[in-house]
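See structure below.
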Amino acid sequence: MAKNPVEKRVETLRDLWLEHTEDPQVRLLVWRIPDNADRMLQAFFEMQQHPGDWTTPDLFLRFDAPFDTGFGYSHALRQALADSYVDSKDSLREQGVTADWPFSQLPLHDSASGVMAMLSSFAQHHKAQLPHLRYVNAVLAPNGVISQDAWEAWLDAALRSPGLAADGAGVRLTLVDTLSDKRWQTLAQRHGASVRVVEAPIDMFDIARETVAQSGGSGPTVAYRQLLTDVITLVEKGSAAQTAARAEKAMQIARREQWPDQQVVLQMAVAGAYVKEKNYVDAIKRYRDARECAVQAEQDKHPMAADLIMQTWFGEAGVWLVAKQPEKAAQAYRSAAEQAQRVPNPMFEIEGFRMAAYSYAQARQEKPAREHGALALRAAKAVAPAERPLTTMSLALQDLLRLQDPGRTEKLERSAADYQAAVAAAHLHAEQQAGKLGEQPAPADLEKIETAMHARFESSFQRQRQEREHLIAGGDEFFRKVVALARELLNPLWNGLPEVKHPLDKDVPEWSEPPQFTKLPDPAGVIDAASANSNAAAKAPISAAATA
């Protein structure tokens, strides 16, 4: 039976893995993938857990613990491996494997060397029971990295450690980067033959085209689907002219079959291709053509027509903004917000009014900027409290603060940046102190270092809050009313963006110092600043011929 494109790519990855790990010198393999191929690679790792033609003789373990400090990351990896082993004991027994790896008896060292020693012990124990097992492969994919330098230093130490570097080591490591962000290139250059970079041919556009071609069938739907896939691929890889030409062939089918919604999709795809080439005149024309098709879809009672009309307004607005025509962008964003009201879609209504306010501010039109910012907050107020943090309400609040007092708002932002710099310095100091303890640090010594680091976090956090509160207290009445509104509707601790949460995720009752708040005025009237005139504001017609 013919394999589908996904299965073929997984088998290609398997073959590449086997080919490049055959060299006994290789200890770490870097998959270098196209920017859009992460899910495909994750599918390869996941499918290694299930028997089939795509599997390798290796065991893949994925670790996604965040990297904060080297010793903290090491502890998290050791704990994750132990927990995973305990959870899989029943599964191992079903496979005839005795689940008796004595991990609790191993030396407890929170270092890269300690993690590699634990993985090596795991590998050697199971190779004795599973003769086909070649390597235990740790896929390292932290879901957050505090310091790239510290993370690379940890990897350097891991590659030097006996548990990984020794002859016969049953452990291999895997990292992932992309063609546009070759972040592990210098690591590979530092470690020579022990690190192998492999480009993975798993472009998702190619997979999509092959999937459509292999789907079979006949008729206009099949032909259209193939052409649409080509259009989407050309937006990414081709020219606007190529995209438009291919879209026209698909458009002929969509018109003949009376699919106005698909005509919208095609017109917006071509518009995006023109934007990439900075051809703003044709991009705006395409978004307007798309809107005409969306209106036709609405007349045909298509269930998604209202959403499509809204998307065309957001698309056009974005073009005006990048074309440096902020007034026209503001007008289009307002139309997008009003269409979002009709959908209804509160999140996009907020965003439309917020971006209208932002665009007016770019045009130095303070009054309409404030009015549209207030309209964004009015829309946010109608959203359930639990959902407000998921909207762009906080950005609208920050934009209003910046509009009212740009210097003070910049200082609020700088305070957060200073805090992050202080946290980074505390991390670096802790890393340096831990590094002096060697590859087998005593837990008690690491605990002292971590406690001192956390104390520095707390001190910097409190200093940041006091500084921001002082800045807020010095603002004028409207500035303080905006903050009061944010605390009433969004978060009682809100003090500007970027948001700074407690470094140890403690709730207020657990803080070392209770928050001291300045007295703020009643926020009534901030939202009402959107005058009645705003709803009836005349919108000048937008000409597609007017460009930057």
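Keep in mind that this is a model prediction, so the values were computed, not measured.
- Checked for salt-bridge contact, E316 and K328 miss the test: no charged N lies under 4.0 Å from a carboxylate O.
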| request: Decide side-chain contact (heavy atoms from CB on, under 4.5 Å) for L520 and I472; before the verdict, give the C-alpha distance in whole Å, the side-chain angles of both, and the deciding distance to 0.1 Å. | output: CA-CA 9 Å; L520 297 176; I472 291 167; 3.8 Å; yes

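- For the 3.5 Å distance criterion, the side chains of Q263 and W259 fail to qualify, holding no donor opposite an acceptor.
- Looking at every heavy atom in both residues, P260 comes nearest to C293 through CB-O, 3.5 Å.
- No hydrogens or angles considered: a donor-acceptor pair under 3.5 Å links the side chains of E458 and S512.
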| query | What do the steps show when you test E327 against Y360 for side-chain hydrogen bond (donor to acceptor under 3.5 Å, both in side chains), and what is the final call? | reply | CA-CA 6 Å; E327 288 185 60; Y360 275 125; over 6 Å; no

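- Checked for salt-bridge contact, R468 and E413 miss the test: no charged N lies under 4.0 Å from a carboxylate O.
- Separating the CD atom in Q433 from the CZ atom in F71 is a distance of 10.0 Å, to the nearest 0.5 Å.
- When the shell of 6.0 Å around CD of Q299 is examined, it contains more than 12 heavy atoms from other residues, nucleotides or ligands.
- Electrostatic pairing of R402 and D399 counts as a salt bridge here, judged by a charged N lying under 4.0 Å from a carboxylate O.
- Between F67 and P142, the shortest heavy-atom contact is N-CB, 4.0 Å.
- Here the shortest heavy-atom pairing between R388 and K381 reads NH2-O, 3.0 Å.
- T409 contributes a side-chain N or O that, together with a main-chain N or O of L401, makes up a donor-acceptor pair within less than 3.5 Å.
- Salt-bridge formation is not detected for the pair R414/D418: no Lys NZ or Arg NE/NH1/NH2 atom is positioned less than 4.0 Å from an Asp or Glu carboxylate oxygen.
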| task | Let me see the working for M347 and E387 under side-chain contact (heavy atoms from CB on, under 4.5 Å), right down to the final yes or no. | result | CA-CA 9 Å; M347 293 186 72; E387 296 178 5; over 6 Å; no

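- Counting only distance, with no hydrogens or angles, the side chain of D522 and the backbone of A524 share a donor-acceptor pair below 3.5 Å.
- No donor-acceptor distance shorter than 3.5 angstrom exists from the side chain of T392 to the backbone of L395, with no hydrogens or angles considered.
- Between R32 and D177 there is a salt bridge, since at least one side-chain N of the basic residue sits less than 4.0 Å from a carboxylate O of the acidic one.
- Taking a cutoff of 4.0 Å between a charged side-chain nitrogen and a carboxylate oxygen, R463 and E467 do not qualify as a salt bridge.
- Using modelled atom types, one finds a donor on one side chain and an acceptor on the other under 3.5 Å when comparing Q296 with D300.
- Looking only at distances, a side-chain donor or acceptor of N491 sits under 3.5 Å from a matching main-chain atom of L493.
- Residue K448 qualifies as open at atom NZ: its count of foreign heavy atoms under 6.0 Å is 12 or below.
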| message | Between Y358 and F353, is the side-chain contact (heavy atoms from CB on, under 4.5 Å) condition met? List the steps. | response | CA-CA 9 Å; Y358 172 83; F353 283 129; over 6 Å; no

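- Under 4.0 Å is where a charged nitrogen must lie from a carboxylate oxygen, and between R487 and E469 at least one such pair does.
- A donor-acceptor pair is defined here as one N or O able to donate and one able to accept, closer than 3.5 Å; no such pair exists between the side chain of Q464 and the backbone of S415.
- Both tests pass for R370 against the ring of F478: distance under 6.0 Å to the centre and angle within 45° of the axis.
- The aromatic rings of F461 and W511 sit perpendicular, their planes meeting at an angle over 60°, well past the 30° parallel limit.
- In this structure, a donor-acceptor pair under 3.5 Å is present between the side chains of Q339 and R342.
- Taking a 6.0 Å sphere around CZ of F348, one finds it holds 12 or fewer heavy atoms contributed by other residues, nucleotides or ligands.
- Between the side chain of Q462 and the backbone N or O of E513, at least one donor-acceptor pair lies under 3.5 Å.
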| request: I would like to know whether K278 and Y280 meet side-chain contact (heavy atoms from CB on, under 4.5 Å); could you show each step before the answer? | output: CA-CA 6 Å; K278 300 183 179 179; Y280 303 132; 3.5 Å; yes

| Step by step, would you call E477 with R480 a salt bridge (charged side-chain N to carboxylate O under 4.0 Å, His left out)? | CA-CA 5 Å; E477 184 177 20; R480 288 179 288 120; 6.0 Å; no

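- Side-chain contact annotation: Q267 with Y287, donor-acceptor N/O pair under 3.5 Å absent.
- Classification of the Y73-W151 ring pair by plane angle, with boundaries at 30° and 60°, yields perpendicular.
- Checking side-chain atoms of H372 against main-chain N and O of P368 turns up a donor-acceptor pair under 3.5 Å.
- In plain terms, the two heavy atoms of L321 and S359 that are nearest each other are CD1-OG, 3.7 Å.
- Judged purely by atom type and a 3.5 angstrom limit, S459 has no side-chain atom pairing as donor or acceptor with the backbone of A455.
- A salt bridge links R190 to E152: one of the charged nitrogens lies within less than 4.0 Å of a carboxylate oxygen.
- Contact between A240 and E277 at its shortest, heavy atoms only, is N-OE2, 2.8 Å.
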